[in-house]
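No experiment lies behind these values; they were computed from the predicted model shown. We number each residue from 1, following the sequence as shown.
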Amino acid sequence: QVQLLESGGGLVQAGGSLRLSCAASGRTFSRPAMGWFRQAPGKEREFVAAIEYDITNTRYADSVKGRFTISRDNAKNTMYLQMNNLKPEDTAIYYCASATGSLIAIVPRGYRYWGQGTQVTVSS
């Protein structure tokens, strides 16, 4: 079992920045890709960004390219999402997830473990 705990969410004005963290604990000896998803009220969970264990490969949703940066510190079992130039449409609950394998997946079924989420609210 792997436990994931997100932190860093909050309320920010449009144009502002937030940094989300995702700390993993438990059986972390495998080397899975990890990702961030988000879910706004009344909408399906959507892919935001993902990163492979060796950090050389990342992928972003078109809606966040150029504004969000995903990173991970494997020594600390922690993943990050730096979010800049936030927009009201970025408002959602953000979830971190650990993939079933080493390759990036952009759909929820590609992930085995999930955190409980952290709320990000961007005011206009």
Problem - Side-chain donor or acceptor of R31 paired with backbone N/O of Y53 under 3.5 Å - result: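 Pair absent, no side-chain N/O of R31 close to backbone of Y53.
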Is there a side-chain contact between [X] and [Y] in this structure, where contact means two heavy atoms from C-beta onward sitting under 4.5 Å apart?
{"X": "M79", "Y": "C96", "result": "yes"}
{"X": "M34", "Y": "Y111", "result": "no"}
{"X": "Q13", "Y": "S123", "result": "yes"}
{"X": "F68", "Y": "L86", "result": "yes"}
{"X": "P108", "Y": "F37", "result": "yes"}

Handout entry: cation_pi(R72, Y80) dist<6.0 Å, angle<=45
Key =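 Cation-pi check for R72 and Y80: fails.
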Handout entry: Euclidean distance, R67 CZ relative to N85 CG, rounded to 0.5 Å
Key =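 It comes to 6.0 Å.
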Practice task
To the nearest 0.5 Å, tell me how far N57 CG sits from L103 CG.
Solution key: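 Going from CG on N57 over to CG on L103, the span is 8.5 Å.
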Do you know which two heavy atoms are closest between [X] and [Y], and how far apart they sit?
{"X": "A24", "Y": "L4", "result": "CB-CD2, 3.6 Å"}
{"X": "A105", "Y": "G110", "result": "CB-CA, 3.9 Å"}
{"X": "I70", "Y": "I51", "result": "CD1-CG2, 3.7 Å"}
{"X": "A14", "Y": "P88", "result": "CB-CD, 4.1 Å"}

Handout entry: Pair V48-L81, side-chain contact (heavy atoms from CB on, under 4.5 Å): steps then yes or no
Key = CA-CA 10 Å; V48 175; L81 186 68; 4.1 Å; yes
Exercise for the section: Ignoring hydrogens and angles, state whether a donor on the side chain of T78 or D73 is under 3.5 Å from an acceptor on the partner side chain. Expected result: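 No, no side-chain donor-acceptor pair sits under 3.5 Å.
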Handout entry: salt bridge (Lys or Arg N to Asp or Glu O under 4.0 Å) contacts in which one or both residues fall within residues 42-54, not counting sequence neighbours
Key = R38-E46
Handout entry: Heavy-atom neighbours of R59 CZ exceed 12 at 6.0 Å
Key = no
Practice task
Answer yes if V12 and I93 sit in the same cluster of Ile, Leu, Val, Met, Phe, Trp and Tyr residues linked by side chain heavy atoms under 4.5 Å apart, and no otherwise.
Solution key: no
Handout entry: Cluster link I55 to W36, ILVMFWY, side chain under 4.5 Å
Key =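 Yes, same cluster.
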Practice task
Could you tell me if the ring centre of F47 sits under 6.0 Å from that of Y60?
Solution key: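 For F47 and Y60, the ring centres are not under 6.0 Å apart.
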Exercise for the section: Determine, step by step, whether R112 and S98 satisfy the side-chain contact (heavy atoms from CB on, under 4.5 Å) criterion, reporting the C-alpha distance in whole Å, the side-chain angles of both residues, the deciding distance to 0.1 Å, and the verdict. Expected result: CA-CA 6 Å; R112 182 175 183 182; S98 178; 6.0 Å; no
Exercise for the section: Applying side-chain contact (heavy atoms from CB on, under 4.5 Å), run through E6 and Y94 and close with a yes or a no. Expected result: CA-CA 8 Å; E6 304 97 337; Y94 283 70; over 6 Å; no
Problem - Charged N-O contact under 4.0 Å between K87 and D90 - result: no
All N/O donor-acceptor pairs, side-chain side in residues 113-120, below 3.5 Å, sequence neighbours left out:
from, atom 1, to, atom 2, distance (Å)
T118, OG1, G9, N, 3.2
Q119, NE2, A92, O, 3.4
Q119, NE2, T121, OG1, 3.3

